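Please read the structure below before turning to the comments.
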Amino acid sequence: MITEIKADDVGTSDAAQPNSTRWRKAAWIGIPAAVLLGGLVVANKDEPAVPPPAAPTVTVAAPLVRQVTEWDDYVGRFEASQTVEVRPRVSGQITGIHFADGQVVRKGQLLFTIDPRPFAAALAEARAGLASAQSDLSLARADLSRAESLIADQAVSKSEVDRLRARVQAASAAVAAAQARVRSRALDMEFTRIRAPIGGRASDRRVDAGNLVAAGDAGSLLTTINALDPIHFSFDASEALFLKAKREQGSGQVAEIRLQDESDYRWKGRLDFTDNGIDPRSGSIRGRAVLANPNLFLTPGMFGNMRLGSGGTVSALLVPDAAVRTDQARKVVLVVGRDGTVASKPVTAGPLVDGLRVIRGGLSPQDRVVIAGTQLAQPGAKVQVRFGRVEPVRSQSPSMPTTPAAAQATLAP
């Protein structure tokens, strides 16, 4: 049986069908999602809660309190305490050399001899002139004496007596001039034997025997002598270090020096001079230390590193150098409070002593400083502490300065 389908029925069925289909599809999709979500909720309720991470453990210790001596470092060179250029005071021919090149000479030791014969002849001539002047003086005095004995009898005029007195005075002046010439020629004779004006080490001879040398300020240079005991150490100091030294102790400070091939400061001296002004071009001032050098080992021109005591022995706080951190332009250390909270303290750092950094300010002996595990500690965070000790770190085998290597070598027979 065929039933006629009306247009109204068809339209109604077609319009309602999509809505019912959509609801069925939504139901089929929503049911699994709800089941899955419910399973997740149940699963989350069954899992235990994750505990928070444990606080990191760091090592803390109180700063080490020790007596330390602070030094300021300088670089300089050794200089002779006295330097003399030996030059002739008379001109002539060198006839003898009485020292070896580089020899240590004593004051007054004979070094050179200039041919003395011309000066001996001049001295003899001056002595002869003195004898002649003395003879004239004797004659003038005798004539004056006779005239004075006759003046009472009016045998001689008064003017004649005055003339004789003037002659005596002139003869006396001539004798004095002759004596001066004798002394001058005697000095020339003495200057033919050139002696060391100071004790020290002589340089090499600049002329050989047989050469003519000239006297005067620009005369021939014969040799130079450097006084080496004591010896000076000259250095330049900045204005800041100069002010520090002036405020703390001034002159007379202890100076210790080491050479470029030495590892310790074995040469002892004292500061004895600072210049009278600061160089405006470099902003530094010249200073000098004096050292004993009995075996003449130290030589002028030798390079050295000097440390100068800057205030004597003081009580200082020391912490490991690794515990001092840099925070922009300041130095800080991390400390742990009684409640385990980390805090950052700005400090004033000083020099390094046996691996420990001197702290001049900002820290107290009761502070608990983080000395290990600083990378785990952050300011404001909680940490667990483990107590340690601050101890000096002395090198078991100090590094020795490198020595020049031999340019070449051969096998010994």
Side-chain angles (χ1 to χ4, degrees), residues 56-75 235 237-245 247-249 253-258 262-266 304-338 340-381 383-401:
T57 301
V58 297
T59 303
V60 299
L64 181 64
V65 181
R66 285 287 182 86
Q67 295 290 322
V68 299
T69 301
E70 294 193 7
W71 306 86
D72 294 324
D73 294 327
Y74 302 88
V75 177
F235 62 94
S238 66
E239 184 175 352
L241 290 176
F242 171 70
L243 288 174
K244 179 182 177 183
R247 295 185 189 280
E248 291 180 348
Q249 192 169 353
Q253 295 172 265
V254 176
E256 297 185 355
I257 302 172
R258 67 176 177 86
E262 296 176 340
S263 60
D264 59 339
Y265 293 82
R266 56 175 295 223
N305 292 87
M306 183 186 75
R307 62 183 188 184
L308 193 64
S310 59
T313 302
V314 296
S315 179
L317 301 180
L318 300 100
V319 299
D321 190 41
V324 182
R325 305 172 65 179
T326 301
D327 183 8
Q328 295 182 353
R330 62 179 186 172
K331 298 293 185 180
V332 299
V333 296
L334 298 179
V335 297
V336 180
R338 298 300 177 183
T341 304
V342 179
S344 177
K345 272 196 170 185
V347 295
T348 303
L352 196 65
V353 181
D354 291 337
L356 302 180
R357 182 68 62 179
V358 174
I359 303 299
R360 292 197 174 105
L363 204 61
S364 69
Q366 293 76 29
D367 285 329
R368 300 193 299 176
V369 181
V370 178
I371 62 173
T374 54
Q375 68 277 8
L376 302 176
Q378 297 297 329
V383 295
Q384 298 180 14
V385 298
R386 181 172 55 245
F387 292 96
R389 294 180 61 186
V390 177
E391 295 181 350
V393 181
R394 293 183 175 86
S395 177
Q396 298 298 329
S397 56
S399 58
M400 294 297 296

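Because only heavy atoms are used, hydrogens play no part in the values below, and waters and symmetry mates are left out as well, while side chains stay in. It should be emphasised that the depicted structure is a prediction, and the values quoted were computed from it without experimental measurement.
Minimum heavy-atom separation, Gly373 to Val58: O-CG1, 3.4 Å. Nearest approach of Leu64 to Pro392, heavy atoms of both residues: CD2-CD, 4.1 Å. Annotation for Ser315 and Gln67: closest pair CB-NE2, 3.3 Å, computed over non-hydrogen atoms. Across all non-hydrogen atoms, the minimal contact from Ala316 to Val68 is CB-CG2, 3.6 Å. Contact between Arg360 and Ala349 at its shortest, heavy atoms only, is NH1-O, 3.6 Å. The nearest pair of heavy atoms linking Val319 to Val390 is CA-CG1, 4.3 Å.
Interatomic distance, CG of Leu376 versus CD of Gln384, reported as 11.5 Å (0.5 Å rounding). Rounding to the nearest 0.5 Å places CG of Leu308 at 9.5 Å from CD1 of Ile257. We find the CZ-CZ distance between Arg307 and Arg258 to be 9.5 Å, quoted to the nearest 0.5 Å. Between the CG atom of Leu363 and the NZ atom of Lys345 there is a distance of 6.0 Å, given to the nearest 0.5 Å.
Remark: Arg357 engages Asp321 in a salt bridge (charged side-chain N to carboxylate O under 4.0 Å, His left out) (not counting sequence neighbours). For Arg330, the salt bridge (charged side-chain N to carboxylate O under 4.0 Å, His left out) partners two or more places apart in sequence, or in a different chain, are Asp327. For Thr326, the side-chain hydrogen bond (donor to acceptor under 3.5 Å, both in side chains) partners two or more places apart in sequence, or in a different chain, are Lys331. Listed by chain and residue number, nothing satisfies the side-chain hydrogen bond (donor to acceptor under 3.5 Å, both in side chains) test with Thr348 (two or more places apart in sequence, or in another chain). Listed by chain and residue number, Phe235 satisfy the ring pair (Phe, Tyr, Trp, His ring centres under 6.0 Å) test with Tyr74 (two or more places apart in sequence, or in another chain). For Glu391, the salt bridge (charged side-chain N to carboxylate O under 4.0 Å, His left out) test picks out Arg389, with sequence neighbours left out.
Panel note: side chain Arg368, backbone Gly337; a donor-acceptor pair is recorded below 3.5 Å.
The shortest distance between side-chain heavy atoms of Val336 and Val370 falls below 4.5 Å.
Just one of Asp354, Val358, Val65 meets the side chain to side chain contact (heavy atoms under 4.5 Å, CB included) condition when paired with Leu318; it is Val358.
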- Query: Going through the distances and angles, do Thr59 and Phe387 end up as a side-chain contact (heavy atoms from CB on, under 4.5 Å)?
  - Reply: CA-CA 6 Å; Thr59 303; Phe387 292 96; over 6 Å; no
